Amino acid sequence: MPPRPRLLPLSAALASVIASLLALPAQGQTLNGLYEAARGYDATYQGARAQYEANVARAAQAKAGILPAVGLTAGVTRTDLEIDTLTGNSRGTTPRDFNTQNVGINATQPLYRPANWATYEQGKRQADIAQAVLTLAEQDLIVRVSQAYFDVLASQDSLALVRAQKVAVAEQLASAKRNFEVGTSTITDSREAQARYDLVIAQEIAAENDLQVKKIVLDQLVGVPGSVPVPLAVPVVLPTAMPADINAWVAQANDVHPAIRQARLGLDVAGLEVQKAQAGHKPTLDANLGYNVTRNPTGTSTSAVGTRVNATTVGVTFNLPLFAGFATENRIKETLALEDQSRSVLDGTQRSVAQATRAAYLGLVSGAGQVKALEAAEASSQSALDANKLGYQVGVRINIDVLNSQSQLFQTKRDLAQARYNVLLGNLKLRQANGTLTTDDMNAINATLASNGNVPAVPAAITSTPDRAVPYVPVTPPSIPVIPPVPVQPFNPPAPTMPTAPVPPVILNPPVR
């Protein structure tokens, strides 16, 4: 039996693909750069910043209740009178017209208003709540940008691996057809390789579409058309989560998480609302100061002499509510119930944050374990593929064994790449879950990217001839070696012959009943 032609090792095919990738660098954007672009473009984050500014301005309004109120008044009036004399010798109607001009400035300073002081304290806490909400929006933006960033990288890796798998399957198809021509294999090997190649073509189309969709999502998020993320540096170094204690992460979340801080401040606001309601039974005391000028150039209704009155007033106003139809009592009951509600919200927020932190930590630990397991699986899959290729060459393995080994290896590589991205995102999501995520954490992830900023291009698609011959790669050095087309022998097996039914037996002298 003539020896089987030697197959191109998968490692050599991958090396050729990697060489073609590195030969066409493009300048890309880092994670930090795209995050800064998203801060000035993302509509959700811009809305959160506008809401923060509005909440801060609203909180500052509460200070007006403890500061003096000063007002300036001025007015001019004209009065037309008709004075009817009913008794005496000069009975009749006497017309009297005069003008009144006044201007004044008055100020009121609250001296004792418990409700105003409670409102002022609420305003300060409302400003802190606004800051906590903005912090949550910033953390959410970091995670959304990172998710979109690594989704694009994962799609690029998937497309590159699918195209590399297509090269390997095409080479296997060419080998199967050559072996069939020389009589060392059956047509089944060619058909199996052709079917696997067609399947990879479908996977390539899906991977290309997925990459385009992921790029659209990233561009819409950061506002940079045609953004090109920088890939991970080689070798990939994944950061570890420290401390390696789940309880420490939960305890830290309970102390600093913005959502828990927001709930605690909400409880304080509810307590101050109770004080405002209870102030409905308390008196108020205000200081008043005013200076008013009233001028009547043509006199008044009782005098025909022009006058001007300058009046300075200083006083204190005391007010004590006695009865308001039980409105104050019912208001107190309402605020006490709302305070209990805020306390329940705080408890629920603490439990949710603790649960999310534990889940994120366990997910990160599991992801790191998956990376190690997939790295070992990648090496094992490569060894299995090499063994199957050797077995195929010596005749102890068939073509489908080699194709299955190739599929397993490329699937493992895709899973490994995705697992690495999940670990990087898991670090950010863990810190988001316990409320400590900052741009410094994103900088640590950004440090794992390629430092030169060059982005390898995705390998070009392999075309095929219309008559379904062996696929070839266009000559674009450096690239994957061209696989020459091999003529396909027509597969026209004879039609199966249907067996004829046997002649029924002849029964002689049937028994008489």
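In this text, all values refer to a predicted model and were calculated from it rather than measured experimentally.
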Report yes or no: do [X] and [Y] form a side-chain donor-acceptor pair below 3.5 Å?
| X | Y | result |
| --- | --- | --- |
| E36 | N32 | no |
| Q411 | R414 | yes |
| Q147 | K429 | yes |
| T294 | N102 | no |
| N446 | Y35 | no |
| N330 | E334 | no |
| D286 | T108 | no |
| N288 | N106 | no |

Which atom of [X] lies closest to which atom of [Y], heavy atoms considered:
| X | Y | result |
| --- | --- | --- |
| G123 | A62 | CA-CB, 4.0 Å |
| G223 | P225 | O-CD, 3.6 Å |
| R144 | D42 | NH2-OD2, 2.7 Å |
| G426 | L364 | C-CD1, 3.9 Å |

Under 3.5 Å donor-acceptor pairs involving side-chain atoms of residues 258-271, not counting sequence neighbours:
| from | atom 1 | to | atom 2 | distance (Å) |
| --- | --- | --- | --- | --- |
| R261 | NH1 | V256 | O | 3.3 |
| R264 | NH1 | N254 | O | 3.2 |
| R264 | NH2 | N254 | O | 3.0 |

Does the side chain of [Y] come within less than 4.5 Å of [X]'s, by heavy atoms?
| X | Y | answer |
| --- | --- | --- |
| Q139 | L136 | yes |
| R420 | L238 | yes |
| L425 | Y149 | no |

Would you say the side-chain atoms of N443 pair up with the backbone N or O of T439, donor to acceptor, closer than 3.5 Å?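 Answer holds: yes.
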
S352 (side chain) donor-acceptor with T349 (main chain) under 3.5 angstrom: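 Side chain of S352 to backbone of T349: no pair is present.
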
Does [X] come within less than 4.0 Å of [Y], counting only side-chain N to carboxylate O?
| X | Y | result |
| --- | --- | --- |
| K372 | E375 | no |
| E121 | K276 | no |
| R343 | E339 | yes |

Taking side chain to side chain donor-acceptor pair (under 3.5 Å) as the criterion, tell me which of T438, D441, D440, T436 meets it with R431.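 With R431 as partner, T438, D441, D440, T436 yield a single side chain to side chain donor-acceptor pair (under 3.5 Å), made by D441.
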
Atom pair CG (L285) and CZ (F318), whose distance is rounded to the nearest 0.5 Å: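 One gets 7.5 Å once the value is rounded to the nearest 0.5 Å.
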
Give, for atom CG of L449 and atom CG of L31, the distance between the pair rounded to the nearest 0.5 Å.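 Answer rounded to 0.5 Å: 6.5 Å.
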
Please enumerate all residues that pass salt bridge (Lys or Arg N to Asp or Glu O under 4.0 Å) together with K215, with sequence neighbours excluded.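 Here no residue qualifies.
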
Donor-acceptor contacts, no H, no angles, side chain residues 239-252, under 3.5 Å, sequence neighbours left out:
| from | atom 1 | to | atom 2 | distance (Å) |
| --- | --- | --- | --- | --- |
| D245 | OD1 | N247 | N | 3.2 |
| W249 | NE1 | P243 | O | 2.7 |
| Q252 | OE1 | N434 | ND2 | 2.9 |

Determine the sole option in L134, I142, L141 for which the side chain to side chain contact (heavy atoms under 4.5 Å, CB included) test with E138 is passed.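 Single side chain to side chain contact (heavy atoms under 4.5 Å, CB included) partner of E138 among L134, I142, L141: L134.
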
